[in-house]
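Every chain is numbered from 1, with letters handed out A, B, ... down the list of sequences.
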Protein chains: 2
Amino acid sequence: MTQPVARTRIQRKNIALISEAALSVFSTWGFRGSTVDQIAKEANLSKPNLLYYFPSKEAIHQYLMSSLLETWLDPLRELDENGEPLDEILTYMRRKLQMSRDHPRESRLFANEIVQGAPRIHEMLETELKELVDEKARVIQGWMADGHLAPADPWHLIFSIWSLTQHYADFDVQVKAVLGPEKPDPFPDAEAYLTTLFTRVLTI
Amino acid sequence: MTQPVARTRIQRKNIALISEAALSVFSTWGFRGSTVDQIAKEANLSKPNLLYYFPSKEAIHQYLMSSLLETWLDPLRELDENGEPLDEILTYMRRKLQMSRDHPRESRLFANEIVQGAPRIHEMLETELKELVDEKARVIQGWMADGHLAPADPWHLIFSIWSLTQHYADFDVQVKAVLGPEKPDPFPDAEAYLTTLFTRVLTI
DNA sequence: CTCGCGTTTGACCAAGTGGTCAAAATGAAG
DNA sequence: CTTCATTTTGACCACTTGGTCAAACGCGAG
């Protein structure tokens, strides 16, 4: 029952509750820093009740990771070889930035996992993620070779999109502390800045 | 004794050992995920022995943070108002990138702390860090106003330097997983890419 | 309304946690 | 080589941790 298959209404409800709670807790404290009690409390369930749905803390984390992975990679999947190059990349960047704004916990969940050495998703990074990135990097490389984009290392270009957009979710405490209380929402400025940045970097 | 003042030779040696060990452990597991036993083992000391030098786990963490903070902010402090604008910014970026290469544990220590909401350094972010960034952002703003750099939001420009450079320390597992075993050192390419990036962004 | 299966819980456990303490070991100054 | 402050340690403590289990509960199909 690592990936629980919800059959009853109650199961669906509680697994959803647990996922929500686990997302909040794991994304805030990292795997080792989180406790089953915390997750149970956040989900309004008793600890044994929670462990009736998932066999262990590990299992909750695994379930979370694999259910969120698709959502996380989707924007890159949608990068379209036949689209207008600069527009495709700007759209990808904006979708990633939107995910930082709308799903910061998911972003921090992955950030925590990777900063701590990705012990539980390392294999996935080397297979699924690498394959997807390699494919799309070659698409971008093609665009550059055809003179539609200024030349630049496409792998590092993708890294830079990740790092620049996820920064606003993962390090938002820092961003908000530096910008101060009179700028409570950094996202409009961030979008403008990043649009300018990638436009200048990629326009020939 | 939150900031231990080493008086004897033995104290100096052991406090150094503990700092080293704590840096490794905290940067890998985050504060809550780390244990005093782990740190003691890594430092080759017994737990009570370690707690003879620092009163608590918190105290070790605080001591580490404050001793590393200066090192961490130094590169930005050196940004010189009277230097050649583009060169100053590229130099700053390169120094930050070097720190990611040479001191990845320090980078991850801060990353862990900030991703998890910076509970222990929040105040410092709002004072010391904000003041320094505000000062330097205004310098950059001046350069742009004088037509020495292409216009862009200077605060977000600084954020982008942080995020792009620290990415190679904080997320290095991911970077290495994506680039594969035939590219074990991403830094030369990263430096070339980031130099190109900031040059294109800031050249008028 | 009742029966059975799915659900919930209180009590419990072994291991790990941060931290204490008195006593033993050790280093260095005279 | 003695003396005393510094350093080190084993034993210990209260609390938290992930996880178990038998027993009780309650929802819905018949």
Side-chain angles (χ1 to χ4, degrees), chain A residues 1-65 112-113 116 119-120, chain B residues 1-65 112-113 116 119-120:
Chain A
M1 233 239 264
T2 297
Q3 277 95 332
V5 185
R7 265 164 283 126
T8 76
R9 173 179 56 88
I10 297 177
Q11 273 171 31
R12 264 188 300 277
K13 188 196 70 182
N14 283 339
I15 288 173
L17 277 177
I18 294 168
S19 297
E20 251 297 299
L23 174 58
S24 281
V25 173
F26 281 138
S27 69
T28 307
W29 302 102
F31 182 77
R32 292 231 346 207
S34 303
T35 73
V36 178
D37 283 288
Q38 261 177 308
I39 301 173
K41 195 176 221 176
E42 186 93 4
N44 284 313
L45 295 175
S46 67
K47 183 167 61 163
N49 198 181
L50 183 153
L51 289 166
Y52 167 74
Y53 291 100
F54 289 88
S56 69
K57 181 181 165 183
E58 277 272 347
I60 308 173
H61 192 265
Q62 266 177 43
Y63 176 71
L64 248 197
M65 285 311 235
N112 261 303
E113 180 68 11
Q116 305 193 353
R120 279 164 293 276
Chain B
M1 230 239 266
T2 297
Q3 276 95 333
V5 184
R7 263 164 284 128
T8 77
R9 174 180 55 87
I10 296 178
Q11 274 170 30
R12 264 189 300 279
K13 189 195 70 181
N14 283 339
I15 288 173
L17 277 176
I18 294 168
S19 297
E20 251 297 300
L23 174 57
S24 280
V25 174
F26 282 138
S27 70
T28 307
W29 301 103
F31 182 78
R32 293 230 347 205
S34 302
T35 73
V36 178
D37 282 288
Q38 259 178 309
I39 300 172
K41 195 176 220 177
E42 186 94 4
N44 284 314
L45 296 174
S46 66
K47 183 168 60 165
N49 199 181
L50 184 152
L51 289 168
Y52 168 73
Y53 292 99
F54 289 87
S56 69
K57 182 181 164 183
E58 277 271 348
I60 308 173
H61 192 264
Q62 267 177 43
Y63 176 71
L64 248 197
M65 284 311 234
N112 261 303
E113 180 67 11
Q116 304 192 356
R120 277 163 295 274

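- Protein atom CG of A/N44 is 12 Å distant from nucleotide atom P of C/dT8, rounded to whole Å.
- Between B/Q11 and D/dT7 there is a side-chain polar atom (N or O) within less than 4.0 angstrom of OP1 or OP2.
- With the nearest nucleotide of DNA chain C identified for both B/S56 and A/L45, A/L45 has the one nearer the 5' end.
- Put simply, CD on A/Q62 is 16 Å from P on D/dG18, counting in whole angstrom units.
- Here the P atom of nucleotide C/dG19 and the NZ atom of B/K57 are 8 Å apart, to the nearest Å.
- Side-chain nitrogen and oxygen atoms of B/Y52 include none within less than 4.0 Å of the OP1 or OP2 phosphate oxygen of C/dG19.
- The side chain of B/N14 places no N or O atom within less than 4.0 Å of a non-bridging phosphate oxygen (OP1 or OP2) of D/dT6.
- Protein atom CG of A/L17 is 14 Å distant from nucleotide atom C1' of C/dT7, rounded to whole Å.
- Distance from the side chain of A/T35 is smallest for D/dG18 among the nucleotides D/dT7, D/dG18, C/dG19.
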Worksheet item: Please walk me through it: do B/I60 and B/F26 pass side-chain contact (heavy atoms from CB on, under 4.5 Å)?
Response: CA-CA 10 Å; B/I60 308 173; B/F26 282 138; 4.2 Å; yes
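- The distance from atom CG of A/N49 to atom P of C/dT7 is 9 Å, rounded to the nearest whole Å.
- Residue B/Y53 comes nearest to B/I18 through the heavy atom pair CB-CD1, 3.9 Å, listed as atom of the first residue, atom of the second, then distance.
- Atoms CZ (B/F31) and P (C/dG18) sit 8 Å apart, rounded to a whole Å.
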Worksheet entry | Working for side-chain contact (heavy atoms from CB on, under 4.5 Å), residues B/E113 and B/M65 | CA-CA 10 Å; B/E113 180 67 11; B/M65 284 311 234; 3.4 Å; yes
Worksheet item: Does the side-chain contact (heavy atoms from CB on, under 4.5 Å) test come out yes or no for A/Q116 and A/F31, once each step is laid out?
Response: CA-CA 9 Å; A/Q116 305 193 353; A/F31 182 77; 5.5 Å; no
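- Residue B/Y53 places at least one side-chain N or O under 4.0 Å from the OP1 or OP2 atom of D/dT8.
- At the phosphate of C/dT9, OP1 or OP2 sits under 4.0 Å from a side-chain N or O atom of A/S46.
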Response to the item:
Once base and sugar-phosphate atoms are separated, protein heavy atoms under 4.0 Å mark nucleotides 20-30 of chain D, 5' to 3', with B, S and - as BB-----SS--
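- Closest to the side chain of B/D37, out of C/dT17, C/dT7, D/dG18, is C/dT17.
- Comparing B/K13 and B/R32 by the nucleotide of DNA chain D whose heavy atom lies nearest to each, the residue mapping closer to the 5' end is B/K13.
- Contact between B/R32 and A/T35 at its shortest, heavy atoms only, is NH2-CG2, 3.9 Å.
- To the nearest 0.5 Å, the span separating CD1 on B/I39 from CD on B/E20 amounts to 12.5 Å.
- Of all heavy-atom pairs between B/S34 and B/K57, the closest is O-NZ, 2.7 Å.
- C/dT8 atom P lies 14 Å from atom CZ of A/F54, rounded to whole Å.
- Here C/dG18 presents its C1' atom at 10 Å from CD1 of B/I60, a figure rounded to the nearest Å.
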